[in-house]
Amino acid sequence: QVQLVESGGGLVQAGGSLRLSCAASGRTFSSYAMGWFRQAPGKERAFVAAISRSGASTTYVDSVKGRFTISRDNAKNMVYLQMNSLKPEDTAVYYCAADSGARIHTVHTDSYYYDYWGQGTQVTVSS
């Protein structure tokens, strides 16, 4: 089992940047593929980015490609989401999630595959 705690959210102007962090408990962090999801007010939770267990594979939703970067540090049990050129439509609660069933280079975009979730961190982008 793994526990996830997000941090780094906040209020930023459009065009600005934020870096979200997700700290994972446990000794087997490298056995989980990791993902970031977000939920905007009145909308369903949606996929943002994912990274494989090895860190070699990443994938992004089209709307954030070229602006967001997901990365991980298995030695520190951390996963990050660097968000640049933020837009008001990026406003949401951002969740970190762990996928225990992924193969070493596999990434999933469907929340169905993610077993563990953090509590979320609010990101607000003002226009």
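These numbers come from a predicted model, not from an experiment.
- No side-chain heavy atom of T121 sits under 4.5 Å from any side-chain heavy atom of S7.
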Please output the side-chain donor-acceptor pairs of residues 15-26 that fall under 3.5 Å, not counting sequence neighbours, one pair per line with the distance.
unit_1 : atom_1 : unit_2 : atom_2 : d
S17    : OG     : N84    : OD1    : 2.9
S25    : OG     : Q3     : N      : 2.9

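- Each disulfide bond (SG atoms under 2.5 Å apart) pair with one or both residues in residues 57-88, not counting sequence neighbours, would appear here, but there are none.
- With sequence neighbours excluded, no residue forms a side-chain hydrogen bond (donor to acceptor under 3.5 Å, both in side chains) with T58.
- Relative to the ring axis of F29, R72 places its NZ or CZ within 45° and under 6.0 Å from the centre.
- The salt bridge (Lys or Arg N to Asp or Glu O under 4.0 Å) analysis of residues 98-122, with sequence neighbours excluded, yields no pairs.
- Scored by the salt bridge (Lys or Arg N to Asp or Glu O under 4.0 Å) test, K65 finds D62 as partners (sequence neighbours excluded).
- Taking the side chain as every heavy atom from C-beta outward, V79 and I70 approach each other to under 4.5 Å.
- Side-chain atoms of N74 do not come within 3.5 Å of backbone N or O of S31 as any donor-acceptor pair.
- Taking CD of Q119 as the start and CG of L4 as the end, the distance is 9.0 Å to the nearest 0.5 Å.
- Among residues at least two apart or in separate chains, there is no disulfide bond (SG atoms under 2.5 Å apart) pair with a member in residues 32-93.
- Screening residues 35-91 for ring pair (Phe, Tyr, Trp, His ring centres under 6.0 Å), with sequence neighbours left out, gives F37-F47, F37-Y114, F37-W117.
- Separating the CD atom in Q13 from the OG atom in S126 is a distance of 5.0 Å, to the nearest 0.5 Å.
- Between the OG atom of S63 and the NZ atom of K87 there is a distance of 8.0 Å, given to the nearest 0.5 Å.
- At a threshold of 4.5 Å between non-hydrogen side-chain atoms, the residues S71 and Q82 do not count as touching.
- Note on V61: it clusters hydrophobically with M34, by side-chain heavy-atom contacts below 4.5 Å among ILVMFWY residues.
- Remark: Q39 pairs with R45, Y95 by the side-chain contact (heavy atoms from CB on, under 4.5 Å) rule, at least two apart or across chains.
- The shortest side-chain heavy-atom distance between V64 and R38 falls under the 4.5 Å cut-off.
- Shown here are the ring pair (Phe, Tyr, Trp, His ring centres under 6.0 Å) partners of Y113, two or more places apart in sequence or in another chain: H108.
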* Stepwise, does the side-chain contact (heavy atoms from CB on, under 4.5 Å) test hold for C96 with E6? -> CA-CA 7 Å; C96 172; E6 302 96 335; 3.6 Å; yes
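- Under the side-chain contact (heavy atoms from CB on, under 4.5 Å) criterion, V125 pairs with V12, A14, L86, P88, D90, T91, V123, not counting sequence neighbours.
- Remark: S57 engages S52, H105, V107 in a side-chain contact (heavy atoms from CB on, under 4.5 Å) (not counting sequence neighbours).
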